[in-house]
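For the numbers below, each heavy atom of this structure counts, side chains included, while hydrogens, waters and symmetry mates do not. Counting from 1, the numbers follow the sequence of the chain as shown.
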Amino acid sequence: MNLQQKIAQMLIIGFQGCELQKDDPLLSAISDHMLGGVILFDVDLMAGNDERNIRSPEQVTSLCQQLQSTANEANAPPLFISIDCEGGNVNRLKSSYGFAETLTAPAVSALTAPELIRYVELIATQLDELGINLNYAPLVDLAIEKDNPIIAAYARSFGPDPAHVKKVAQQFIDGFRTRNILSCAKHFPGHGSSLGDSHLGFTDITHTWQPEELLPYQNVNADMVMLGHLVHKGLDLSLIHI
């Protein structure tokens, strides 16, 4: 690969369209420049409509096949085809489109061990059959701040206990791996104690963050870690001096 292709391999981009025409710029980015991957969304916020890349299971499967075939025909590395499928309120594969029903994180946290295994298998199997190979989950933020506008408000956390959150997250990671789905723990170093929503603007966690928010990341073998759009002045300074 040349330098441009090596750089392209580091990029995962979003795009518009449930089907792609042969002259679509995205396909040439894959075949000519060896784009690293794509991310699928259901709602197109920029265009202001309810359809972006997801309409039905059959349509998503066809789209994923088209994307991977383009990479394969160009002898490019397989694409990361990624999605946010935490379940509950953050899930692009909604049941209204014909996908499996998912649970909020507190509901998942309350499952028995056998129930949790079956639930993770259901999610992993669905992703695999669609052709999606990277899921931006599990979320390992701790439910520390009850008034948190983006974690607690959307019931996204497995709970306040780092050991329990870590245990449930590991089940997701292991379950995904049985279907060759890559996992991504998020949002490092911890969004559950924040008072703001980092999607909406500057979010400083310097005085609200707790050290135990790092514990779910320790000794879990997630394939990736997603950094939050967060500022921790003390943590940043400590890293500078390592």
Side-chain angles (χ1 to χ4, degrees), residues 37 39-43 53-65 68 78-143 150-188 191-192 213 215-226:
I39 178 172
L40 306 182
F41 290 100
D42 54 340
V43 176
N53 308 123
I54 297 168
R55 185 182 298 147
S56 70
E58 296 76 17
Q59 170 268 320
V60 172
T61 301
S62 177
L63 178 61
C64 291
Q65 289 173 345
Q68 288 293 16
L79 287 170
F80 290 124
I81 300 182
S82 63
I83 200 164
D84 284 294
C85 187
E86 296 174 20
N89 294 312
V90 179
N91 177 30
R92 313 307 178 200
L93 303 174
K94 295 179 174 58
S95 58
S96 58
Y97 304 143
F99 299 99
E101 192 77 42
T102 61
L103 304 173
T104 63
V108 169
S109 188
L111 296 175
T112 65
E115 290 171 338
L116 178 58
I117 291 172
R118 288 194 295 270
Y119 177 72
V120 175
E121 286 178 347
L122 172 68
I123 302 302
T125 299
Q126 176 173 254
L127 293 172
D128 182 32
E129 292 178 347
L130 291 170
I132 295 168
N133 56 23
L134 169 57
N135 188 12
Y136 297 117
L139 181 141
V140 296
D141 295 312
L142 303 183
I150 193 61
I151 305 300
Y154 287 89
R156 298 173 67 187
S157 173
F158 294 130
D161 178 14
H164 177 72
V165 170
K166 181 177 176 178
K167 182 179 179 180
V168 176
Q170 189 65 63
Q171 186 63 63
F172 273 84
I173 293 166
D174 292 343
F176 291 162
R177 191 158 290 148
T178 63
R179 287 285 185 161
N180 296 316
I181 309 296
L182 301 177
S183 58
C184 180
K186 62 186 186 184
H187 304 84
F188 186 88
H191 207 329
E213 294 183 65
L215 295 179
Y217 292 96
Q218 296 178 358
N219 300 317
V220 296
N221 56 345
D223 299 286
M224 301 180 183
V225 172
M226 181 186 295

[X] side chain to [Y] backbone, donor-acceptor under 3.5 Å:
X    : Y    : answer
S62  : E58  : no
D141 : H187 : yes
R179 : E121 : no
Q59  : N53  : yes
N133 : L79  : yes
N135 : S183 : no
Q171 : V120 : no

Closest contact, heavy atoms only, [X] versus [Y]:
X    : Y    : answer
L142 : P162 : CD2-CA, 3.8 Å
G88  : T102 : N-OG1, 3.0 Å
H191 : I151 : O-CG1, 3.8 Å
P57  : G98  : CG-O, 3.6 Å
G175 : T178 : O-OG1, 2.6 Å
P138 : F158 : CB-CE1, 4.2 Å

Any side-chain heavy atom of [X] within less than 4.5 Å of one from [Y]?
X    : Y    : answer
Y136 : S82  : yes
I83  : L130 : no
L40  : R92  : no
V90  : L139 : no
V140 : F188 : no
I54  : F99  : yes
K167 : Q170 : no
I150 : R156 : yes

For this session: Mark yes when over 12 heavy atoms from residues, nucleotides or ligands other than Y217 sit less than 6.0 Å from its OH; otherwise mark no.
Result: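 Yes - once you tally the heavy atoms of other residues, nucleotides and ligands closer than 6.0 Å, there are more than 12.
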Exercise. Within a reach of under 6.0 Å around OH of Y97, are more than 12 heavy atoms found that belong to other residues, nucleotides or ligands?
Worked result: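 Atom OH in Y97 is packed in, count exceeds 12.
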Hey, could you give me the [atom1]/[atom2] distance between [X] and [Y], rounded to the nearest 0.5 Å?
X    : Y    : atom1 : atom2 : value
Q126 : L93  : CD    : CG    : 5.5 Å
T104 : Y154 : OG1   : OH    : 14.5 Å
I132 : T61  : CD1   : OG1   : 8.0 Å
C85  : F172 : SG    : CZ    : 9.0 Å
I117 : T112 : CD1   : OG1   : 8.5 Å
K166 : L215 : NZ    : CG    : 7.5 Å

Exercise. Which of these, L127, I173, L134, T125, sits in a side-chain contact (heavy atoms from CB on, under 4.5 Å) with I181?
Worked result: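 Output: one option passes, namely L127.
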